[in-house]
Amino acid sequence: MLENKDYFEEVYRVVREVPTGRVTTYGAIARYLSLRAGARMVGWAMNAAHGSDVPAHRVVNRIGVLSGKHFFGGPTVMQERLEAEGIRVEDDRIVEFNKLLWDPSVELAV
DNA sequence: TCGCTGACAGCTT
DNA sequence: AAAGCTGCCAGCG
């Protein structure tokens, strides 16, 4: 039930709802928000989230890879943050990502 | 002013 | 089953 380009606010809302120690994917958010723009715009919204209270480090691609780690001001900043929350990261990939995955369409149960 | 790329994901061949 | 192409919005070249 989205209005218009304010979708980025919805993205922030969802990302903030992500519990500590959990991670989500761009596709999960895009699907939950019914973003026809696909996951790309979600990532773009994260770009705008740079500096906001949005824990973008908890958002990764569908394979659990820290695709946007390079955008955190450092190549290991994202990993450091994830590890600080108890999330194990190995080779830029989230360990047991499938288990740590927090899907809004599932957790929020619509 | 026109075209390409980009924090991705899903469909088609 | 695996690999490649397209879609979407917006910022840059």
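Labels below follow one simple rule: chain letters A, B, ... track the order of the sequence lines, proteins then strands, and each chain is numbered from 1.
Summarising the geometry, the separation between NE2 on A/His50 and C1' on C/dA10 is reported as 17 Å, rounded to the nearest angstrom. Rounding to whole angstrom units, CD1 of residue A/Ile29 and P of C/dC9 are separated by 18 Å. Taking atom OH of residue A/Tyr7 and atom C1' of nucleotide C/dC8, one finds them 9 Å apart after rounding to whole Å. Between A/Phe71 atom CZ and B/dG6 atom P there is a gap of 9 Å when expressed in whole angstrom units. Protein atom OH of A/Tyr32 is 19 Å distant from nucleotide atom P of B/dA9, rounded to whole Å. Summarising the geometry, the separation between CH2 on A/Trp44 and P on C/dC12 is reported as 7 Å, rounded to the nearest angstrom. Between A/Ile63 atom CD1 and B/dG10 atom P the separation is 12 Å, expressed in whole Å. Taking atom CZ of residue A/Arg40 and atom P of nucleotide B/dA9, one finds them 11 Å apart after rounding to whole Å.
The 5' end of DNA chain B is approached more closely, in terms of each residue's nearest nucleotide, by A/Met41 than by the other of A/Ala28 and A/Met41. In this structure, A/Arg31 and A/Met46 both approach DNA chain B, and ranking their closest nucleotides by distance from the 5' end singles out A/Met46.
Taking the C1' atoms as reference points, C/dA3 lies 23 Å from B/dA7, given to the whole Å.
The side-chain heavy atoms of A/Arg31 and A/Asp103, taken from C-beta on, include a pair separated by under 4.5 Å. Looking only at side-chain heavy atoms (C-beta outward), A/Val11 and A/Met41 stay at 4.5 Å or farther from each other.
Salt-bridge formation is detected for the pair A/Arg58/A/Glu85: a Lys NZ or Arg NE/NH1/NH2 atom is positioned less than 4.0 Å from an Asp or Glu carboxylate oxygen.
Residue-level contact check: A/Gly27 touches the backbone only, with heavy atoms under 4.0 Å from sugar-phosphate atoms and none from bases. At a threshold of 4.0 angstrom between heavy atoms, the contacts of A/Asn61 are confined to the sugar-phosphate backbone, with no base atom among them.
The environment of NE2 in A/His50 is crowded: more than 12 heavy-atom neighbours from other residues, nucleotides or ligands sit within 6.0 Å.
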